[in-house]
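Working notes, beginning with the structure itself.
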There are 2 protein chains.
Amino acid sequence: MVSPVGVPVATLKRLPLYLKLIKEASSRGLAWISSEDLAQKLGLGAIQVRKDLSGLGIVGSPRRGFPVEDASRAIAACLGGDNSSDLFLVGAGELGRAILADRGIGLQGFNLVAVFDRTPERYYGLGLDVMPLSKMGDLAARMGVRMAVLAAGHEWAQEGADAIVAAGLAAALDLSGLPAIFPPEIAVSRVNLGADLAYLSGLIGPGRAAAR
Amino acid sequence: MVSPVGVPVATLKRLPLYLKLIKEASSRGLAWISSEDLAQKLGLGAIQVRKDLSGLGIVGSPRRGFPVEDASRAIAACLGGDNSSDLFLVGAGELGRAILADRGIGLQGFNLVAVFDRTPERYYGLGLDVMPLSKMGDLAARMGVRMAVLAAGHEWAQEGADAIVAAGLAAALDLSGLPAIFPPEIAVSRVNLGADLAYLSGLIGPGRAAAR
DNA sequence: TAATGTGAATTGTTTCACAGCA
DNA sequence: TGCTGTGAAACAATTCACATTA
């Protein structure tokens, strides 16, 4: 599959990681960064990094690597700049509040501009302005928001998803673990720690405790 | 790439999702579930679901679908049964505690059996038994634990990763967002909400077109 | 000489087309 | 008829080999 701009999905998923490291290099005053360096830090192959960057039209220079500023600009442009960096949070429970507090969970430049919940009244007096799901469409239109993080509990995750759809948003990051069902015209990325763990458990197989 | 048991990685990543739905069906008293049904709930193609299940040796029956009990057993076996369901949590900060509280974040059957932190003394009196990183190896050996969730803040995520390696664990779920560097013999899965959001933002593009 | 750049081969994954079965 | 089962084809992603250049 190929994204609207012609970048392979697999590449697109890696771009944010490159961007992060490149910005870091930039902030340390470096002007160049090598594919080897990026690869090693991300546990990827250097050739793959080069292919990815070259696919964006970023050209490096032998013996030095890739120019940090150009690369940063090109990747940011491909990821939509900071165009879509405003987000809604749907779900103000345990998980939602951890995301808001954001100690290590790393929304990295994305901005939670409003919080919605099925039962907003439960959160009065917590210093949070939690709104009912029904207000989402209105606010999305007024603020130009196009993405949401769905952090609803299992009981109402689907209801939250439906609200996101009804609000006309274009993308959702689903942390509900259900997973919630979205219509195909909405871009969805799902995060499910339980599933990831199960996957890892399958990967390492039924051995006994690791040696060493 | 093919996992130890011969199941493609892409399939392996979907197995936990199937398992969840199948168990749910089972708990509702259903004896059969169709690939169409599973596919629709997960936003996948039915053919893909059939390929995945057939790859595990699960055989269905025309007009009825796949037998819920068999499928459940086969998938669980492939994912290591409940063999590897004990976990360490590395990092007792905001994020780590949200995971412990687990309201919606869904560890789904996995068990956090011990919590480690670089500064365990910060968590005295919170009703948590937080241990120093140096104790991890010992406990891993004694309890037969082989996996960890890394939920350390940026400041010491790499230190946490190193401790996981030193403890001889076989797999880690890295939520640090750095990402932390692990040696290749350790199975790592990375979750990075910021990266996922950036990816989505790239997918939906700067306009208003949606793509999947 | 230490890096990038890239066509081609390889490997992995998804989808198709259609056979078989209850 | 409505589903599974599967070899083959199509597609996608990764890796290789080697040319290239400052």
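Naming convention: chains lettered A, B, ... in sequence-line order (proteins, then strands); numbering from 1 in each chain.
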Of Arg14(A) and Glu36(B), the one whose nearest nucleotide on DNA chain D sits closer to the 5' end is Glu36(B)
Here the distance between atom P of dT14(C) and atom CG of Leu42(B), to the nearest Å, is 13 Å
Taken to the nearest whole Å, CD/Gln40(B) to P/dG2(D) is 18 Å
Check: Within the pair Ser35(B) and dT4(D), is there a side-chain N or O less than 4.0 Å away from OP1 or OP2?
Finding: yes
Within the sub-3.5 Å range, which N or O atoms of nucleotides 15-22 of chain C have a protein N or O partner, and how far apart are they?
from	atom 1	to	atom 2	distance (Å)
dT15(C)	O4	Lys51(B)	NZ	3.0

- Task: Scan side-chain atoms only and decide if Asp162(A) and Gln158(A) contain a donor-acceptor pair under the 3.5 Å cut-off.
- Result: yes
Rounding to 0.5 Å, atoms CG (Leu203(A)) and CG (Leu197(A)) come to a distance of 12.0 Å
Between CG of Leu38(A) and C1' of dT4(C) the distance, given in whole Å, is 13 Å
Side chain proximity check, Val49(B) to Ser34(B), heavy atoms < 4.5 angstrom
no
From CG of Leu56(B) across to C1' of dT6(D) the rounded distance in Å is 16 Å
Rounded to whole Å, NZ of Lys13(A) lies from P of dT14(D) at a distance of 10 Å
Is the shortest side-chain heavy-atom distance between Met143(B) and Asp86(B) below 4.5 Å?
no
- Task: Check whether any side-chain heavy atom of Phe66(B) lies under 4.5 Å from a side-chain heavy atom of Ile22(B), and answer yes or no.
- Result: no
Rounded to whole Å, the CZ-P distance (Phe66(A) to dA3(C)) equals 12 Å
Are a donor atom and an acceptor atom from the side chains of Ser85(A) and Asn111(A) found within less than 3.5 Å of each other?
no
note: Asp52(B), atom CG; dT14(C), atom P; distance rounded to Å ~ 7 Å
